[in-house]
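Worksheet: one structure, shown below.
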Number of protein chains: 2
Amino acid sequence: MGAMNGIGGVREAGGTGRGRTGAKAVAVAGGKHAGGRRPGETRTREAILDAARACFAERGFDATSLRRIAEAAGVDQSLVHHFYGTKESLFLQALEVPLKMPEVIAAAAEGGREEVGERMVRAHLTLWDDLSTRPALMTMVRSASVHRVAAARLRETATTILADALSKVVTGDDAVLRSNLVATQLVGLAMMRYIAVLEPLASADTDTVVRYYGPALQAIVEG
Amino acid sequence: MGAMNGIGGVREAGGTGRGRTGAKAVAVAGGKHAGGRRPGETRTREAILDAARACFAERGFDATSLRRIAEAAGVDQSLVHHFYGTKESLFLQALEVPLKMPEVIAAAAEGGREEVGERMVRAHLTLWDDLSTRPALMTMVRSASVHRVAAARLRETATTILADALSKVVTGDDAVLRSNLVATQLVGLAMMRYIAVLEPLASADTDTVVRYYGPALQAIVEG
DNA sequence: TGATGAACTAATCGCCCGATGAGTTATATA
DNA sequence: TATATAACTCATCGGGCGATTAGTTCATCA
């Protein structure tokens, strides 16, 4: 059962030493490694997760194949399985929202009711324009329509993070419903500006969007 | 729209002789017709489109297979191809927005600036709660994150239908941008209420939503 | 230094997908 | 009635998918 080594011959072609310095014999430049552990320190695991986030963000869950992720990470597909198990569980990890998010939102909610709408819009845009948070957010919103876990995460984010942050500022009748509506406005903004890419909204600068959209959130905060 | 799919009872119960090697050919109960045109008038084409709309609305473009649509319509998969060609072109037809929509939106925009926000929200909810318009809208929004044509349709709807309707009422600086923001709010509402199913928003009654959300649209209309 | 295990690739499996083509039966036309 | 055409199924194909297995190379540590 062993000895499939006939195939292996391909790899080596010269036969002789394949030593550590092997760079010469191994791997075409930029191409794939020919098998076995790579020398030096390894950051591959993170590279795969980054690639996954980027792919999921760009095309959503269904349209993203593990092969594509693997290719983007410069790695064989089965290594993705090796590190993350199923596609589903990789997706879960890719959805993990950076800790930064609750903080930024909560900070924006601080400072009283006055102009909190503007602050929330600005904070939201900041998160979406930040390259370290954007892929996860994009993945969440883009896949929420199609994948139950992403939808659940979106709900959870809307309630846990947003509603909690707003709880001191949105008070009175139907406070929870009104928090929902604030979340609704922010998700709508992400949808149209970053996913549907509706113009001129998508190209408008932050200040302009804040100026017009802030008061709309404010209207709901104040009930 | 009701009794599509007369397939079941009638035909196979009758057991139409089906010459030839008949034998077990008489299919299982509730099973499919064994080939050849069905007797009587045919509504199959529409049944397939309805099934497609329902499936696309429920799971989006990628996750919906033609086999599933065919099954929902009580028909062989290749008949779907026969009538609609590729999956893509079937999807296009399923996206076709009922003529009713522009009318309803335009009607809501009539009547001056005062309380136009409330009227727009109400019109929007009416469309989403109407079973004849809902599947197409759901398909559009649900697939917009993942399918370029759906995204284009969403943009087009946001501009052509909404911006046009609002053009007399949203005036002044950045009128187009502000129309975008009104569309943004409505799409956000659809996302959270009908797709992410965020509670208590999803279960709130129309009047309540109109009462709280209307003023938020109004804030943007008035700039 | 030798053994254990982690990182990595190659090959392949079974499944479901969209699409096609051939064959069967009803309706429409003349 | 003869012929054409539309409606309908069945069988099948090539391909991409997620997943698994076997085997190779490197790192670590007793």
Side-chain angles (χ1 to χ4, degrees), chain A residues 1-12 17-23 25-28 31-48 52 55 61-71 73-91, chain B residues 5-7 10-12 14 16-22 25-27 31-48 52 55 61-71 73-91:
Chain A
M1 31 166 52
M4 305 257 322
N5 247 342
I7 300 175
V10 174
R11 183 165 338 118
E12 222 138 310
R18 163 138 197 77
R20 308 188 84 266
T21 52
V26 203
V28 236
K32 292 196 176 174
H33 192 251
R37 182 168 184 160
R38 296 171 186 176
E41 67 182 29
T42 168
R43 243 197 54 84
T44 310
R45 201 190 158 101
E46 292 79 6
I48 291 174
C55 291
F61 180 80
D62 287 321
T64 299
S65 70
L66 294 185
R67 283 171 171 83
R68 191 180 198 89
I69 293 172
E71 189 189 357
V75 149
D76 187 89
Q77 183 220 151
S78 58
L79 195 59
V80 179
H81 280 106
H82 174 67
F83 282 128
Y84 294 97
T86 67
K87 182 183 184 184
E88 185 79 16
S89 75
L90 172 59
F91 184 66
Chain B
N5 206 352
I7 306 173
V10 183
R11 177 142 7 82
E12 112 235 6
T16 67
R18 305 207 66 37
R20 291 197 15 99
T21 57
V26 193
K32 294 192 177 175
H33 191 251
R37 182 168 184 160
R38 297 172 185 176
E41 67 183 29
T42 166
R43 251 196 53 80
T44 311
R45 200 188 160 103
E46 293 78 6
I48 291 175
C55 291
F61 180 81
D62 287 321
T64 298
S65 70
L66 294 185
R67 283 171 170 82
R68 190 181 199 89
I69 292 173
E71 189 190 357
V75 152
D76 186 90
Q77 184 221 151
S78 60
L79 196 58
V80 179
H81 280 106
H82 174 68
F83 282 128
Y84 294 97
T86 66
K87 182 184 184 183
E88 185 79 15
S89 75
L90 171 59
F91 184 65

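All values reported here derive from a predicted model rather than from experimental measurement. Letters A, B, ... are given to chains in the order of the sequence lines, protein chains preceding strands, and every chain is numbered from 1. Side chains included, hydrogens not; waters and symmetry mates left out as well; all remaining heavy atoms used.
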Comparing A:Ser78 and B:Arg68 on DNA chain C - which has the more 5′ nearest nucleotide = A:Ser78
Rounded to the nearest Å, what distance is computed from the CG atom of residue A:Leu79 to the C1' atom of nucleotide C:dA7?
-> 7 Å
Between D:dC17 atom C1' and B:Asp62 atom CG, what is the distance in whole Å?
-> 13 Å
For the side chain of A:Arg67 and the base of D:dG16, is some donor closer than 3.5 Å to an acceptor across the two?
-> no
Nucleic acid contacts of residues 83-91 of chain B, taken as heavy-atom distances under 4.0 Å to DNA chain D = B:Phe83
Considering only heavy atoms and no angle criterion, is a donor-acceptor pair shorter than 3.5 Å present between the side chain of A:Thr44 and the base of C:dC8?
-> no
If you take atom types as modelled and just measure distance, does the side chain of A:Thr42 reach the base of C:dA6 with a donor-acceptor pair under 3.5 Å?
-> no
Ranking B:Thr64 and A:His82 by the position along DNA chain C of their nearest nucleotide, the one closer to 5' is A:His82
Figure out the NE2/C1' separation between A:His81 and D:dG18, and round it to whole Å.
-> 5 Å
Across all chains, not counting sequence neighbours, the side-chain contact (heavy atoms from CB on, under 4.5 Å) partners of A:Ser65 are A:Arg67, A:Arg68
Taking atom P of D:dT28 as reference, at what distance in whole Å does atom CZ of A:Arg37 sit?
-> 7 Å
Nearest-angstrom distance from the residue atom CD1 of A:Ile69 to P of D:dG16 | 17 Å
To the nearest Å, how far apart are A:Glu41 CD and D:dA27 C1'?
-> 13 Å
Got a sec, which residues hit side-chain hydrogen bond (donor to acceptor under 3.5 Å, both in side chains) with B:Thr86, two or more places apart in sequence or on another chain?
-> none
Any residue meeting side-chain hydrogen bond (donor to acceptor under 3.5 Å, both in side chains) with A:Thr42, in chain and number order, not counting sequence neighbours | A:Thr44
side-chain N/O B:Ser65 vs C:dC17 OP1/OP2, d < 4.0 Å | yes
Partners passing side-chain hydrogen bond (donor to acceptor under 3.5 Å, both in side chains) against B:Glu46 (at least two apart in sequence or in another chain) = none
Only counting residues at least two apart or in another chain, list the ones meeting ring pair (Phe, Tyr, Trp, His ring centres under 6.0 Å) with B:Phe91.
-> B:Phe56, B:Phe61, B:His147
Looking at B:Arg38, does any N or O in its side chain come under 4.0 Å of the phosphate oxygens OP1/OP2 on D:dT9?
-> yes
